[in-house]
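Throughout, protein chains are lettered first and strands after them, A, B, ... in sequence-line order, and every chain is numbered starting at 1. Because the structure is a prediction, the values reported are computed rather than measured.
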Amino acid sequence: MTSANSRLRFAPSPTGFLHVGNARAALFNWLEARRTGGEMRLRVEDTDRERSSSELVENILTSLRWLGLDWDGEIVVQADNLQAHREAALSLLDQGRAYWCDCVSEAVQARAKARGGPPGYDGFCRTRGLARSDATALRFRTPDDGVTGFTDLVRGEVSFENKTIEDFVLLRSTGMPMFLLSNAYDDAAMGITHVVRGEDHVPGTPKYLLLRDALGLGRPEVFAHLPMLVNEGRKKLSKRKDAVSVADFAAQGYLPEAMVNYLALLGWGPSDGIEIRPLAEIIEQFRLEDVTPSPAFFDVKKLQHINAEYLRALPVDEFIERARPFLSGPEVEAVLTTIAPLIQERVRLFTEIEPMVAFLLDGPLTPDDASWDKAMVKGINAREMVDAAIAGLTQVTEWEVEPIRAAVEAAAVSAGVVNAQGEAQLSKAQGPVRVATTGRSVGPPLFESLAALGQTRTLDRLRAARARL
RNA sequence: GCCCCCAUCGUCUAGCGGCCUAGGACACCGGCCUUUCACGCCGGCAGCACGGGUUCGAAUCCCGUUGGGGGUGCCA
């Protein structure tokens, strides 16, 4: 299985951005190639001129690079091989393995409906002997009997009776080759040994095989059809309906290494059960034959968990460095630096940082209603607590965590926020102070936050809050 | 309709005939820790779709049923 000269490929179509399903397919190809010391090639399948665009090619390349999935050699652009694809198709025409057909899709459907049979092409033009024109497409003539099958590393033996495979289009009436032709031809031309792609390609595989056989192109060594990635409705992920763009995840503040780690877990799992681990170990343990055949739900919650783990594991300097693109400016970066370690273990995404450090920025603070209500309205002796805090904090000469803590503790006692033993109840007492100074009822540890805020701003905010009470 | 595929906790998975009174992770629910939140730790909830076989023995093999999905384009 471990052939040192294996050659795999990821062949996206630039008719959409790179989504997590594509990314997972790219990753599994990449893992197999890197583990075996084989090659990972990239091919752009742009035979649909109407829907392909260079912007989409850029999006795909950018996302692949972001994920760290590199490739070997030059990118193969299918449009560059049009001529070879056409010639191959025409050679089939010469052999009588293909024929011209002028049936438009509507006509095919209408006939199917009229005869009450199954939808799909019925071989209407097989014997009509049509000539090539700008209204005819070239169709491949599939065998009427026999079986076409293949061995799939994920699914075992899969076979189709040839009579169930309809004649399919090789060349459009415009002369442009169709996906199946270009795909099969280029796989052979590139010497692809392992065809690893989504399960949605299974029904097309016998056509692919029949074509390669007819063209005398041989067959790839291995097929592996990966399970679909599905949404909460257990339906195949849709670029249109589901939020699955890799670029979007990048923009939301996910770490590429976390994304890759999570993607590796969809349809595969290490036998020792250790899910979060270095890429090198994943490469080492990954086996195509261990991929699960059943569909997997893309669970953002779990992705977030894994991302948070990776975020916390970052050296604090790197955390700040990598957070920079997600911060609105140098001011935010400056304040983040003062309490980064406290923030780092509280965020799951880079985009969660800014709201958490916003209180350290200059300017007026408007506590959110829910927090105000919770601490100031429903809190115990909120007014007394704020008064006592102002008085106590004013006296603090060394504006550092411990003195601040001592002052708030003393304020709690004088404000009557105490337990049965008459001791300060910090968990209750900090509420009004926290909301007054940070605007929220949750956040980084309070005394550290106040130390970073500074005495003047702390007192200003406490007084402003007191005025509202 | 026809063809193909799939089926272990809510979710992702381990399991590849006895080690399984089914393990881990996410989520969820308790508790501990604690200046809020988060982290961490401890504990809990919860699953082999169903029915037949094969076998001394089945989550693991076979068949069927049911359910789900994919394909069925002059899209890829």
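- Within residues 398-408 of chain A, the residues that place at least one heavy atom under 4.0 Å from RNA chain B are, in residue-number order, A/Arg405.
- A search for ring-ring contact (aromatic ring centres under 6.0 Å, His included) contacts involving A/Phe326 returns A/Phe350, not counting sequence neighbours.
- Take A/Trp268 and apply the ring-ring contact (aromatic ring centres under 6.0 Å, His included) test, not counting sequence neighbours, and it matches A/Phe286.
- In this structure, the side chain to side chain contact (heavy atoms under 4.5 Å, CB included) partners of A/Phe124, at least two apart in sequence or on a different chain, are A/Cys103, A/Arg111, A/Tyr121, A/Asp122, A/Arg128.
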| field | Protein-to-nucleotide contact annotation, 5' to 3' order, nucleotides 68-76 of chain B [B base; S sugar-phosphate only; - none; under 4.0 Å, heavy atom] | value | -SBSSSBBB
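- Look at A/Asp145 and A/Lys163 and you find no salt bridge, because none of the NZ, NE, NH1 or NH2 atoms lies under 4.0 Å from a carboxylate O.
- With a 3.5 Å ceiling on both atom-pair distances, B/A38 lacks any Watson-Crick or G-U wobble partner.
- Every residue two or more places apart in sequence or in another chain that forms a side chain to side chain donor-acceptor pair (under 3.5 Å) with A/His225 is listed here: A/Asp152, A/Arg197, A/Thr205.
- Around atom CD of A/Glu50, no more than 12 heavy atoms belonging to other residues, nucleotides or ligands sit under 6.0 Å away.
- Contacts of A/Phe10 classified as ring-ring contact (aromatic ring centres under 6.0 Å, His included), with partners at least two apart in sequence or in another chain: none.
- In this structure A/Glu284 satisfies the side chain to side chain contact (heavy atoms under 4.5 Å, CB included) test with no other residue, sequence neighbours excluded.
- Shown here are the ring-ring contact (aromatic ring centres under 6.0 Å, His included) partners of A/His201, two or more places apart in sequence or in another chain: A/Phe179.
- At least one donor-acceptor pair closer than 3.5 Å links the side chain of A/Arg346 to the backbone N or O of A/Leu342.
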When you compare the protein's N or O atoms with those of nucleotides 27-32 of chain B, which come within less than 3.5 Å of each other, and at what distance?
none

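- Applying the side chain to side chain contact (heavy atoms under 4.5 Å, CB included) criterion to A/Glu106, with sequence neighbours excluded, gives A/Val104.
- Across all strands, A/Ser159 comes closer than 4.0 Å only to sugar-phosphate atoms, never to a base (heavy-atom distances).
- Among the atoms of the strands shown, only primed sugar atoms or phosphate atoms (P, OP1, OP2) are found under 4.0 Å from some heavy atom of A/Gly267.
- Each of A/Pro444 and A/Leu266 was matched to the nucleotide of RNA chain B holding its nearest heavy atom; the match closer to the 5' end belongs to A/Leu266.
- Residues from residues 410-427 of chain A placing a heavy atom under 4.0 Å of any atom in RNA chain B, listed by number, are A/Leu426, A/Ser427.
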